[in-house]
Amino acid sequence: QVQLQQWGAGLLKPSETLSLTCAVSGGSFRGYSWSWIRQPPGKGLEWIAEINPSGSTDYSPSLRSRVTISLDTSKNQFSLRLRSVTAADTAVYYCARLLRFLGGNWFDSWGQGTLVTVSS
Amino acid sequence: QSVLTQPPSASGTPGQKVTISCSGGTSNIGTNSVNWYHQLPGTAPKALIYSDDQRPSGVPDRFSGSKSGTSASLAISGLQSEDEADYYCATWDDSLNARVFGGGTKLTVL
């Protein structure tokens with residue numbers, strides 16, 4: 001059973017860079033697409049970014065100018081960097097695996113979530 | 001403002017059937033398959049339905065999905081207290097070139 005374990009700084013000051021990493025174990029890393037999704041306190045889910053097995057990326061239009069997603073296949077890890085954070089970036093951040101099967105694709109495995117708070 | 005519109009809340013009594021709607025447009029639901037997730041408080045979301053109406057292994061058949069045009073629905077039959085959670089629809093949007101989620105529906109079991 002695949003497991004996603006994520007980590008990163010939980011408290012940032014405005015204008016700093018958010019950095020999170022997600023390690024994948026118990027299953028194949030290559031051949032899957034990987035995403036980051038966030039959830040502000042008391043609010044809904046917001047997709048942030050996705051990277052496919054070849055390294056091609058897609059980003060949320062509202063965050064594209066500040067975000068980078070990357071792969072480290074040697075470590076079975078992928079990472080998120082979000083620059084110039086503000087209080088509006090305070091959220092629980094999740095990493096997730098995108099499973100493609102029979103023409104569909106969905107997030108079948110999720111990390112445990114990391115609460116990132118932006119405060120001066 | 002979410003691209004996909006869900007009712008903020010829904011409710012039902014144990015044993016009842018509840019339906020949650022998800023309304024979108026031609027660039028998202030009208031073109032791409034819809035997934036449904038549920039989220040218990042303090043936990044990560046979990047997939048309930050993929051490709052409009054398919055259940056991942058282990059999801060009870062009390063949960064069913066459907067789609068027509070630019071709208072999708074999640075039905076939960078034989079409602080149980082443990083179904084009390086937040087439910088989200090999701091799909092890809094061809095115009096935005098992005099994955100999109102509905103705003104979420106909080107289901108209360110009375």
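Excluded from the calculations below are hydrogen atoms, water molecules and symmetry mates; all remaining heavy atoms, backbone and side chain alike, are included. Quick note on labels: first sequence line is chain A, next is B, and so on, each numbered from 1.
- Leu71(A) is connected to Val2(A) through a chain of hydrophobic side-chain contacts under 4.5 Å among Ile, Leu, Val, Met, Phe, Trp and Tyr, so both are in one cluster.
- Heavy-atom distances place the side chain of Asn35(B), and not its backbone, under 4.5 Å from chain A.
- Taken together through direct or relayed side-chain contacts under 4.5 Å among Ile, Leu, Val, Met, Phe, Trp and Tyr, Val100(B) and Tyr37(B) form parts of separate hydrophobic clusters.
- When heavy atoms are compared at a cutoff of 4.5 Å, Thr43(B) approaches chain A solely by way of its backbone atoms N, CA, C and O.
- For the residue pair Pro61(A) and Ala98(B), the shortest heavy atom distance occurs at CD-CB, 3.8 Å.
- Contact of Leu99(A) with chain B is not made at all, since no heavy-atom distance falls under 4.5 Å.
- Nearest heavy atoms, Ser51(B) versus Gly103(A): OG-C, 4.3 Å.
- The neighbour count for Arg64(A) CZ, taken as heavy atoms of other residues, nucleotides or ligands under 6.0 Å away, is above 12.
- For the atom pair OH (Tyr50(B)) and CG (Asp108(A)), the distance works out to 10.5 Å, reported to the nearest 0.5 Å.
- In terms of hydrophobic clustering, with Ile, Leu, Val, Met, Phe, Trp and Tyr side chains grouped at heavy-atom distances under 4.5 Å, Leu20(A) and Leu115(A) are assigned to a common cluster.
- A 4.5 Å side-chain heavy-atom check between Leu45(A) and Pro45(B) finds at least one atom pair inside the cut-off.
- Of residues 74-94 of chain B, those residues lying under 4.5 Å from chain A by any heavy-atom pair are Tyr88(B), Trp92(B).
- Not counting sequence neighbours, the partners of Tyr94(A) by the side-chain hydrogen bond (donor to acceptor under 3.5 Å, both in side chains) test are Gln39(B).
- When the side chains of ILVMFWY residues are joined at heavy-atom separations under 4.5 Å, either directly or via intervening members, Tyr59(A) and Leu80(A) end up in a single hydrophobic cluster.
- Under a hydrophobic-cluster definition in which Ile, Leu, Val, Met, Phe, Trp and Tyr are linked whenever side-chain heavy atoms come within less than 4.5 Å, directly or via other members, Val3(B) and Trp106(A) are assigned to different clusters.
- Using bins of under 30°, 30° to 60° and over 60° for the plane-to-plane angle, the ring pair Phe107(A)/Phe101(B) lands in the parallel bin.
- Heavy atoms only, all atoms of each residue included: Ala44(B) and Gly111(A) are closest at CB-O, 3.6 Å.
- The part of Leu98(A) that comes within reach of chain B is its side chain, from C-beta onward, which places non-hydrogen atoms under 4.5 angstrom from that chain.
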